[in-house]
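Here the structure comes first, spelled out in structure tokens, and everything after it is commentary.
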There are 2 protein chains.
Amino acid sequence: METTCQCNTANNDTVTKGKAVLMTEHVAGDLANLFKVFGDPTRVKILHLLSVTELCVCDIANVLDMTQSAISHQLRVLKQAKLVRNRKDGKTVYYALDDDHVHTILRQGLDHISHVL
Amino acid sequence: METTCQCNTANNDTVTKGKAVLMTEHVAGDLANLFKVFGDPTRVKILHLLSVTELCVCDIANVLDMTQSAISHQLRVLKQAKLVRNRKDGKTVYYALDDDHVHTILRQGLDHISHVL
DNA sequence: TGAATATATGAGCAACTGTTCATATGTTAT
DNA sequence: ATAACATATGAACAGTTGCTCATATATTCA
């Protein structure tokens, strides 16, 4: 770690003010972990699908043309992040979105990538 | 890959409709890559800091108590994702947010993790 | 009960990520 | 020109991630 930089005279103040604004390690970690869940194409596809309708594991696997195991693993991640919930109906388990923020986050992400073209 | 599931009689239709809604590989990939950038505590802290004021590399390093090299690498990632821009003033390079969506995305993420407690 | 179906889970592996360390580039001042 | 400073970059390494494969659990039906 280097000492305080000298790139301008107000630096000590800038750093002090910055540290006051800086996120907690805890909050930054939680936030990063949330976005990490959105950071995979398979999970993004699943979330987008579920934003239209609830689906069972098997259907999701068929729509995405992936194995049931892979989808099940990903749904577990989504559920741990409280982004989806599930209900059981006999042998079948239906998954649905469990958070209003999912729509907004996906939307803002889409806005960004289309605006950046 | 297994064959079409038989969990209910409307399945073929469900899968067909799902495939119509399904995101392109391209879009899902771009979107995931964007969120991946938010999926690291260091980058989240930097983005949050820059949402308050522009800062030079050295100051960010001091505020986060990390090496200049580590911060520089991360700023490169943020810039490639078009989330930050920079201006050069002598030896110093100042970074600032370069996208309105950053605020919204961070806010929605914070709303989610606080709502989930 | 036993077979079939739907989902969940654990181990293992290849691919990716974030940091460190060393060094290069570019700017300012003497 | 030379030294000092601010930033950028490449290689390398440990830690993480997403999938596959095999198998376990749970439910329904004959």
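Contact annotation: B:R76 side-chain N/O to D:dA8 OP1/OP2 distance is not under 4.0 Å. OP1 or OP2 of D:dT7 has not a single side-chain nitrogen or oxygen of B:K88 nearer than 4.0 Å. Within the 4.0 Å cut-off from OP1 or OP2 of D:dA8, at least one side-chain nitrogen or oxygen of B:Y95 is found.
A:V102 is linked by a side-chain contact (heavy atoms from CB on, under 4.5 Å) to A:F38, A:L47, A:L83, A:L97, A:D99, A:L106, counting only residues two or more places apart in sequence or in another chain. In this structure, B:K36 has no salt bridge (charged side-chain N to carboxylate O under 4.0 Å, His left out) partners at least two apart in sequence or on a different chain. Checked against salt bridge (charged side-chain N to carboxylate O under 4.0 Å, His left out), A:D111 has no partners two or more places apart in sequence or in another chain. Judged as a ring-ring contact (aromatic ring centres under 6.0 Å, His included), and not counting sequence neighbours, B:Y95 has no contacts. Not counting sequence neighbours, the partners of B:K79 by the side-chain contact (heavy atoms from CB on, under 4.5 Å) test are B:V84, B:N86. By the ring-ring contact (aromatic ring centres under 6.0 Å, His included) test, A:H48 is found to be paired with no residue, residues two or more places apart in sequence or in another chain being considered. With sequence neighbours excluded, the residues that form a side-chain contact (heavy atoms from CB on, under 4.5 Å) with B:D30 are A:I113, B:H26.
Per the geometry, CD1 belonging to A:I60 stands 14 Å off P belonging to C:dA6, to the nearest Å. In this structure, CG of B:L78 is placed 16 Å from C1' of D:dT7, rounded to the nearest angstrom. Going from atom CG of B:L75 over to atom P of D:dA8 covers 7 Å, rounded to whole Å. Between A:I71 atom CD1 and D:dC21 atom C1' the separation is 16 Å, expressed in whole Å. Going from atom CG of B:L55 over to atom P of D:dA6 covers 15 Å, rounded to whole Å. Rounded to an integer number of Å, the gap from B:I46 CD1 to D:dT7 P is 13 Å. In this structure, A:R87 atom CZ and D:dA26 atom P are separated by 20 Å, rounded to whole Å.
Taking 3.5 Å as the limit, the base of C:dC21 and the side chain of B:S69 contain a donor-acceptor pair of atoms between them.
Here the nucleotide nearest the side chain of A:Q68, chosen from D:dC21, D:dA8, C:dA8, is C:dA8. Nearest nucleotide to the side chain of B:S72, out of D:dT20, D:dT9, C:dT7: D:dT9. The side chain of A:N86 has C:dA8 as its nearest neighbour among C:dT27, C:dA8, C:dA22.
Residues B:T92 and B:C56 share a closest heavy-atom pair of CG2-CB, 3.3 Å.
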Could you please spell out the steps behind the side chain to side chain contact (heavy atoms under 4.5 Å, CB included) verdict for A:V15 and A:K19? CA-CA 6 Å; A:V15 172; A:K19 287 192 177 182; 4.0 Å; yes

Under 3.5 Å, which N/O atoms of the protein pair with N/O atoms of nucleotides 28-30 of chain C?
none

Please list each protein N or O that sits under 3.5 Å from an N or O in nucleotides 11-18 of chain D, with the distance.
{"unit_1": "D:dG18", "atom_1": "OP1", "unit_2": "A:R43", "atom_2": "NH1", "d": "3.3"}
{"unit_1": "D:dG18", "atom_1": "OP1", "unit_2": "A:R43", "atom_2": "NH2", "d": "2.6"}
{"unit_1": "D:dG18", "atom_1": "OP2", "unit_2": "A:R43", "atom_2": "NH1", "d": "3.1"}

